[in-house]
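Start at 1 and go down the list; that is how both ligands and their atoms are numbered. Owing to the predicted nature of the structure, the values given are computational and were not obtained by experimental measurement.
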Amino acid sequence: MPLVRVPATTANLGPGFDTLGMALELYDEILVEEAASLDITVTGEGENTIPRGAENIVYRAVRTVYERVGHPQKTFRLHMHNNIPVARGLGSSAAALVGGLLGANAVLGNPLDVSELIEIATAMEGHPDNVAPAILGGLVVAVVNNQKVYYQRLEPPTGLQAVVAIPQFTLSTRAARSVLPANIPLADAVFNVSRVGMLLAAVQANNLELMGKMMEDRLHQPYRLHLVPGMSDVFAAAKEAGALAVTLSGSGPTVIAFCRGIKAKVGEAMVDAFARHGVKAITKALSPCLEGATVL
Ligand code: HSE
């Protein structure tokens, strides 16, 4: 029976809204096997909150693969062992989706290839920037065009280390997208387009310092400020403590600092800044995950 190990992911990387993402060395494990009745169990993160019925994300993903290949099986034993905190901006739902898709595909003898899996995952998630790096590992650029997903995996710059501050409260991606405006000023679009272009050039040139300078954003973070108490101060504290860049991780509420090497004091500074705003948070140092999801 396949056990799929899927990494956490940080989407957007600042300016690359719905386009850029990177896998991180923190994993969920998902087991998929056919069974006479539906049996879903969860341990670790989300063990008291993740639904165990037909709405379970892993189950929906498994069913989607079976339907795609025309297989009638409808009941499975699914087990999720989660290390990725749920609804914090670290790709927990993408990890569940990818685990279900890859697990089902493995049970069926791998009828679907990577690009089909990325397309199904993107359609189910609504954007590719978590699911693509969860599958491919590394830093991924992904573009959706007429339901087709174009993706390119890049090697993260040498020495890049992420430090996250994970608040205790949850924030759903749906809620964090509902505050975004329908239109944005041209100057803000230019601000982001220019930074994404140079950020990718910096990644290709293995220039970590330049990458760090290109991670500011005007498309989504300013509108999400009020959803994450203390966000500006947490950003400032991370910079002050030596981070090269600091952004919301995905739609938040986790804040992620990008550093050269492990910087324990960056994590401590972010946790302290959150505490000054009454938000309890924990910190973790996470290396980029180069492998992507693996079927064990
Ligand atoms: N690009 C998405 C957003 C990522 O910012 O809403 C959600 O994890």
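Every atom of ligand 1 with a heavy atom of Asp18 under 4.0 Å away is listed here by number and element: 1 (N), 2 (C), 3 (C). Atoms of ligand 1 lying under 4.0 Å from at least one heavy atom of Ala11, given by number and element, are 4 (C).
Protein heavy atom closest to atom 7 (C) of ligand 1, with residue, atom name and distance, is His127 CE1, 3.5 Å. At the shortest separation from atom 8 (O) of ligand 1 among protein heavy atoms lies Asn130 OD1, 3.0 Å. Closest protein heavy atom to atom 6 (O) of ligand 1: Arg177 NH1, 2.7 Å.
Remark: the His79 side chain and the Thr43 side chain contain an N/O donor-acceptor pair separated by less than 3.5 Å. At a cut-off of 3.5 Å, with distance as the only test, no side-chain donor of Glu34 or Thr75 sits close to an acceptor on the other residue.
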Requested in this report: Give the intermediate values and the outcome of side chain to side chain contact (heavy atoms under 4.5 Å, CB included) for residues Val58 and Ile40.
Outcome: CA-CA 9 Å; Val58 176; Ile40 302 176; over 6 Å; no
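Contact annotation: Arg224 has at least one heavy atom less than 4.0 Å from an atom of ligand 1.
Geometrically, Arg195 engages Phe191 in a cation-pi contact, judged by NZ or CZ lying under 6.0 Å from the ring centre and within 45° of the ring axis.
Asn192 contributes a side-chain N or O that, together with a main-chain N or O of Pro15, makes up a donor-acceptor pair within less than 3.5 Å.
With a 4.0 Å heavy-atom cut-off, ligand 1 is reached by the side chain of Asp129 but not by its N, CA, C or O.
No more than 12 heavy atoms of other residues, nucleotides or ligands sit less than 6.0 Å from atom CD of Glu240.
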